[in-house]
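It should be emphasised that the depicted structure is a prediction, and the values quoted were computed from it without experimental measurement. Below, each value reflects all heavy atoms present in this structure, side chains not excepted, and no hydrogens, waters or symmetry copies. Chain naming here is simple, since letters A, B, ... match the order of the sequence lines and numbering starts at 1 in each.
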Amino acid sequence: MHGRLKVRTSEEEKVKKEKERQEKLKVFKHAMNVIQNKRKKCELDTEQLDVTGQVLTKNPDIYTLWNIRREILIVFRSNLSVMEMTKLYDAELSLTEYCLKINPKSYCAWHQREWVLMTRSDPDWQKELALCNTYLKLDERNFHTWDYRRFVVSQCKPDLQEEFNYTTEKLHDNFSNYSAWHYRSKMLLHLFPDKKGGRPIQDSHYKQELKMVLSAAFTDPDDTSAWFYQRWLLGAVKNITQIVVCTVTPSKVTIAINNSVSKSYIKEKIKVIINNHEVIGEWKSCLGNEYDDLWVLNHDQSIRNHLDIKVKHILVDNEMEVMRLSELKPAIYVGRNKISFQNKYSSTVLDELNEQLDACRQLLELEPDNRWTLLTTAFFLHCVDAKAYHKEIIDIISTLINIDEQRAGYYSDLKSKWCMEDNIQENYANLSLDYKVECKKLSSLPHLQYYSFCEALDLSNQNLTSRVLPGLIKLQHCKKLNLSNNKLTSLQGFPYLTLEELNITDNPLIENHVEQLRKKLKNTKIFF
Amino acid sequence: MSFKTKDVVLSQTRPTTLLLQKHADYLASYGLNKDDFEYCMTEYLRMSGIYWSLTAMELMDQSSRMPKDDIIEFISLCQDSESGGISASNGHDPHMLYTLSAVQVLAMYDRSDAINIDGVVKFVVSLQQDDGSFFGDKWGEVDTRFSFCAVMTLSLLHRLDAINVNRAVDFVLSCMNFDGGFGSKPGSESHAGLIYCCVGTLSICKRMDALKVDELAWWLCERQLPSGGLNGRPEKLPDLCYSWWVMASLSMLNRIHWVDQEKLEQYILACQDSETGGFSDRPGDITDPFHTLFGLAGLSLLGNSSIKQVNPTYCMPQETIDRLRLEPQILLI
């Protein structure tokens, strides 16, 4: 029951109301009885249409009654003339319209309307489109009406530019019409895809949309709709699957990818070659999934010193990327790719981003604590040059953690993500097997597959809670792991890792969890 | 014209503690009077009503107060021998929604033997389309809710392999939007309830990797309003049931800490009716079993220790999911 306020009434009123309801109930039960009896006797007739119609006008959600009506109309179709059927279909449309006035969110009534239009031979789609316009004037956010509009459009196929213009019109009426922003995103992808560059939208339209968002957002920055649309625009860049790091040791081969790929992708697109012989074996996701960003191959090769190991990766356009592994320690081979987390935009878009960044900065001077302007500024900075603006970005996010406490968890994890990205890029600049994550107060550990090759990883003095523990499975080659001075309470999700040393000192741990972990990691020296 | 956030204000006199016994009493007596107006008018969704009440009672550890034998017999009677599907009630037609509710109830009772399992599997399989989507019944309505119903029903019966899972996943992914969320079909606007259905489908099919996690979880945590309550879409009023749709989704994404859990708890508790028992959508509205389940399940996700642990994917007690050895996927963070 949605949105029905409980009203206090006197005893007298209560009795009166109950009497009314019992009357209604009697009528309802009688009608339902008639319907059920007629159905049992397979009486598919006009009377059944009448009775079901009467009940549905009071309660359009009784799905079975709509089914009965369809059964009747199907039987009638083979016996009645086209004209007679037209009348019946029109009546059915009137009934759904009546029902939708009572309950504009009735799935059943909307579906019946679709069914009638798809069943009759003479649907008037223009009339349906006009009906959508009327209904969307009454409630601009009813997603059933929007869905129905998309259905009608898919049938009558108007020029999609007109639909795009319709969203512009709706947005100029009210910028906080999220449904219109949504529909606009769909139209944009249909009308202006950047087929050549492989990006979602052509540059010129990209720029135009960013401008539209800005005017909406600056009309009132607390109106959230446009911000979501903007975030999408900023993220709409080309994404290429890339090997991040490959590690070969006497016990196993691992390959980390920048995003999740399927098992068949690994099998077909990636080859590990040792002294000109391809390594054969079954790839397994580190989590046992069909899709993952870290893959493990337990091989039967003998890995000695001075081997020639390379990885071949067949890219989208059938180009081949070859990565050579170097021996970092005797019989430990690592090959790392050039990595970057920086979104790449065309210069046209970049100019626009810089312009909008200036606008945000001006707005912040007037209203320094507006959370939306702050977050947007941080995202613009990140999009323009994450490395150069790193400190400023982190300062803004730290401010947001204080201003918008309800979402402090989100901002902390966003900060962690951007810090990790910065840290990984620094770490990847110098080759080692032993790293300390030099971030302040990480609350989560994104991109951990980038550290899959490490022998020692220092994650001490962060804000890590127990929820990050299952993710440590990505540290497939780790021997020494330092998690001291964090916020671990439970160790239940700790994965099976072949660690030599684990430091969990200075954590608010529950004592018996350490004992259980000892049983799990028998060969690990645990400091707690 | 200044923009105003749609929200409610919690009153000083609102309930601030969990009225567990009141809720159990409310559900135990719900429907005892077969001539109750509301009860009769909701016959077309009776099977789901039973699932809401029973799950809530299970979470409160008081399911023994439900008429177990009657319920099981009722479910058996609602299975259609021809299609294999299960209807909302006697005299209604079989449908995916009520087939799932029935299978969930029987899973909690550990009594799947009370129905023809092959019949249910046949019904679900018959409704999958070439594009991977599912009809709700033979009349052809397509909705991501039905995709979720299909994979949940089959996984509870350990028969997920009966359908084309890859295609089912592909269809759900074709409903992903610019904001990372999902709607009811390709092109439909994101909505927290349908996001739950789609994320749940991916959790059961172990394809959570395909999500745009950061965008989606951000959109979800922005559903929290100053009152602490959650809405289902931008610029809408809060509603208690979104405590479930949003929080269960965030749980599967391993990010419930992205909302203010203390304020949400206050909102959920404020939706209790201290006279009648039960929860409503917003403080002061009329209560019903649907919101009562989602209020309790929401509190369970927030770690309330007087309620049993709920599984975020299945919206059933974790102990049932463990007994069935199901391991829906939860993302790493």
Side-chain angles (χ1 to χ4, degrees), chain A residues 1-6 21-22 24-25 28-29 32 36 59 61-64 67 70 107 111 115 141 143 146-147 150 176 178-179 182-183 185-186 220 222-225 228-229 231-232 235 260 287 289-293 405-410 413-414 417 444-446 467-468 470-471 473, chain B residues 2-3 5 35 37 40-41 44-45 87-88 91-93 95 137 139-141 143 177-179 183-185 187-191 206-207 209-210 214-215 217-219 221-222 224 226 233-236 239 254-255 257-260 263 273 280-282 284-288 290-291 329 332-333:
Chain A
M1 221 171 291
H2 285 98
R4 277 182 45 187
L5 196 68
K6 192 169 142 181
R21 289 184 128 200
Q22 285 305 322
K24 273 191 208 166
L25 194 57
F28 172 74
K29 280 188 168 174
M32 287 302 277
Q36 308 270 11
N59 193 340
D61 284 329
I62 307 179
Y63 66 103
T64 305
N67 297 349
R70 284 190 286 262
Y107 283 96
H111 182 242
W115 183 85
R141 293 296 306 286
F143 69 82
W146 281 102
D147 278 347
R150 279 181 279 270
S176 70
Y178 192 83
S179 306
H182 162 80
Y183 193 36
S185 78
K186 297 284 174 199
D220 195 320
D222 288 323
D223 177 357
T224 67
S225 298
F228 292 101
Y229 190 72
R231 180 70 68 86
W232 168 65
S260 285
L287 288 159
N289 292 334
E290 282 300 305
Y291 283 73
D292 212 329
D293 56 20
E405 273 177 78
Q406 276 190 324
R407 276 160 281 271
Y410 163 63
D413 284 351
L414 181 62
K417 186 181 159 202
S444 60
L445 296 172
R467 86 173 69 86
V468 306
I473 187 81
Chain B
S2 175
F3 180 79
T5 306
D35 285 325
F37 183 74
C40 291
M41 297 312 277
Y44 70 91
L45 49 73
S87 65
H92 292 259
D93 289 347
H95 195 282
D137 60 18
W139 295 103
E141 191 186 358
D143 195 301
N177 291 322
F178 77 99
D179 45 26
S184 60
K185 37 184 147 309
S188 301
E189 181 184 344
S190 298
H191 175 288
K206 301 195 176 16
R207 281 302 312 280
D209 63 274
D214 288 334
E215 286 84 351
W218 176 58
W219 189 92
C221 80
E222 283 292 345
Q224 188 164 36
R233 290 191 288 155
E235 323 303 345
K236 290 276 184 184
D239 180 330
N254 210 349
R255 282 160 174 82
H257 59 291
W258 284 17
V259 301
D260 186 331
K263 285 196 97 171
D273 188 320
S280 58
D281 59 349
R282 282 184 277 283
D285 283 358
I286 300 172
T287 63
D288 59 74
F290 174 85
H291 286 96
Q329 192 184 2
L332 303 176
I333 183 163

| note | dist Asp179(B):CG -> Ser225(A):OG (nearest 0.5 Å) comes out at 10.5 Å
| field | Interface moiety of Thr64(A) toward chain B, non-hydrogen atoms closer than 4.5 Å | value | both
| Do Glu215(B) and Phe228(A) come within less than 4.5 Å of each other through their side chains, counting heavy atoms only? | no
| said: At a 4.5 Å cut-off on heavy atoms, which part of Asp61(A) comes close to chain B: side chain, backbone, both, or neither? | reply: both
| task | Could you tell me which of Leu332(B), Asp260(B), Asp285(B) has the largest number of non-hydrogen atom pairs under 4.5 Å with chain A? | result | Asp285(B)
| request: Taking the six-membered ring for Trp and the full ring for Phe, Tyr or His, determine whether the centres of Phe178(B) and Tyr178(A) are under 6.0 Å apart. | output: yes
| With side chains defined as the heavy atoms from C-beta onward, is the minimum distance between His182(A) and Asn177(B) less than 4.5 Å? | yes
| request: Just do the salt bridge (Lys or Arg N to Asp or Glu O under 4.0 Å) check on Asp35(B) and Arg21(A) with the steps written out, would you? | output: CA-CA 10 Å; Asp35(B) 285 325; Arg21(A) 289 184 128 200; over 6 Å; no
| query | Do Asn289(A) and Lys206(B) have side-chain heavy atoms sitting under 4.5 Å apart? | reply | yes
| So is Arg207(B) actually on top of Tyr291(A)'s ring, under 6.0 Å and inside 45° of the axis? | yes
| task | Test the Arg231(A)-Trp218(B) pair against the cation-pi criterion, namely NZ or CZ under 6.0 angstrom from the six-membered ring centroid and within 45° of the ring axis. | result | yes
| said: Does either side chain, that of His257(B) or that of Asp413(A), offer a donor lying less than 3.5 Å from an acceptor on the other one? | reply: yes
| Option in Tyr44(B), Trp219(B), Trp258(B), Phe37(B) with maximal non-hydrogen atom pairs under 4.5 Å from chain A | Trp258(B)
| message | Using heavy-atom distances under 4.5 Å, tell me whether Leu287(A) contacts chain B through its side chain, its backbone, both, or neither. | response | side chain
| field | pair Ser179(A)-Arg233(B): side-chain heavy atoms closer than 4.5 Å | value | yes
| Considering only heavy atoms from C-beta outward, does the side chain of Tyr107(A) approach that of Glu141(B) to under 4.5 Å? | yes
| field | Contacting region of Glu290(A) [heavy-atom separation from chain B under 4.5 Å] | value | neither
| note | Turns out that what part of Tyr183(A) lies under 4.5 Å from chain B's heavy atoms comes down to neither
| field | chain B contact via Arg70(A) - side chain, backbone, both or neither, heavy atoms under 4.5 Å | value | both
| task | Check step by step if salt bridge (Lys or Arg N to Asp or Glu O under 4.0 Å) holds for Lys417(A) and Asp214(B). | result | CA-CA 10 Å; Lys417(A) 186 181 159 202; Asp214(B) 288 334; 2.8 Å; yes
| message | Using a 6.0 Å cut-off, check whether atom CD of Glu405(A) has over 12 heavy atoms from anything other than its own residue. | response | no
| said: Can you tell me how far apart CG (Leu5(A)) and CD1 (Ile286(B)) are? Round to the nearest 0.5 Å. | reply: 8.0 Å
| message | If we count only N and O atoms by modelled type, under 3.5 Å, do the side chains of Glu235(B) and Thr224(A) hold a donor and an acceptor together? | response | yes
| said: With a 4.5 angstrom heavy-atom cut-off, is it the side chain or the backbone of Ala88(B) that approaches chain A, or both, or neither? | reply: both
| field | Residue selection (most heavy-atom pairs with chain B, distance under 4.5 Å) from Lys24(A), Arg150(A), Met32(A) | value | Arg150(A)
| query | With distance as the sole test, does Tyr63(A) use its side chain to make a donor-acceptor pair with the main-chain N or O of Asp93(B) at under 3.5 Å? | reply | yes
| message | Contact between Val259(B) and Arg407(A) at the side-chain level, heavy atoms closer than 4.5 Å - yes or no? | response | no
| task | Can you tell which part of Asp239(B) gets under 4.5 Å to a heavy atom of chain A, answering side chain, backbone, both or neither? | result | side chain
| note | The interface call for Gln329(B) against chain A, heavy-atom contacts under 4.5 Å, is side chain
| request: Flag the one option from Asp137(B), Asp273(B), Leu45(B) with the top tally of heavy-atom pairs under 4.5 Å to chain A. | output: Asp273(B)
| request: Find the distance between CG (Asn59(A)) and SG (Cys40(B)) and round it off to the nearest 0.5 Å. | output: 12.0 Å
| field | Side-chain donor/acceptor of Arg141(A) to backbone N/O of Pro234(B), under 3.5 Å | value | yes
| query | What part of Asn67(A) is in contact with chain B, defined as an atom under 4.5 angstrom from a non-hydrogen atom: side chain, backbone, both or neither? | reply | both
| query | In terms of side-chain heavy atoms, does Ser184(B) have a donor or acceptor partner in Asp147(A) at a distance below 3.5 Å? | reply | yes
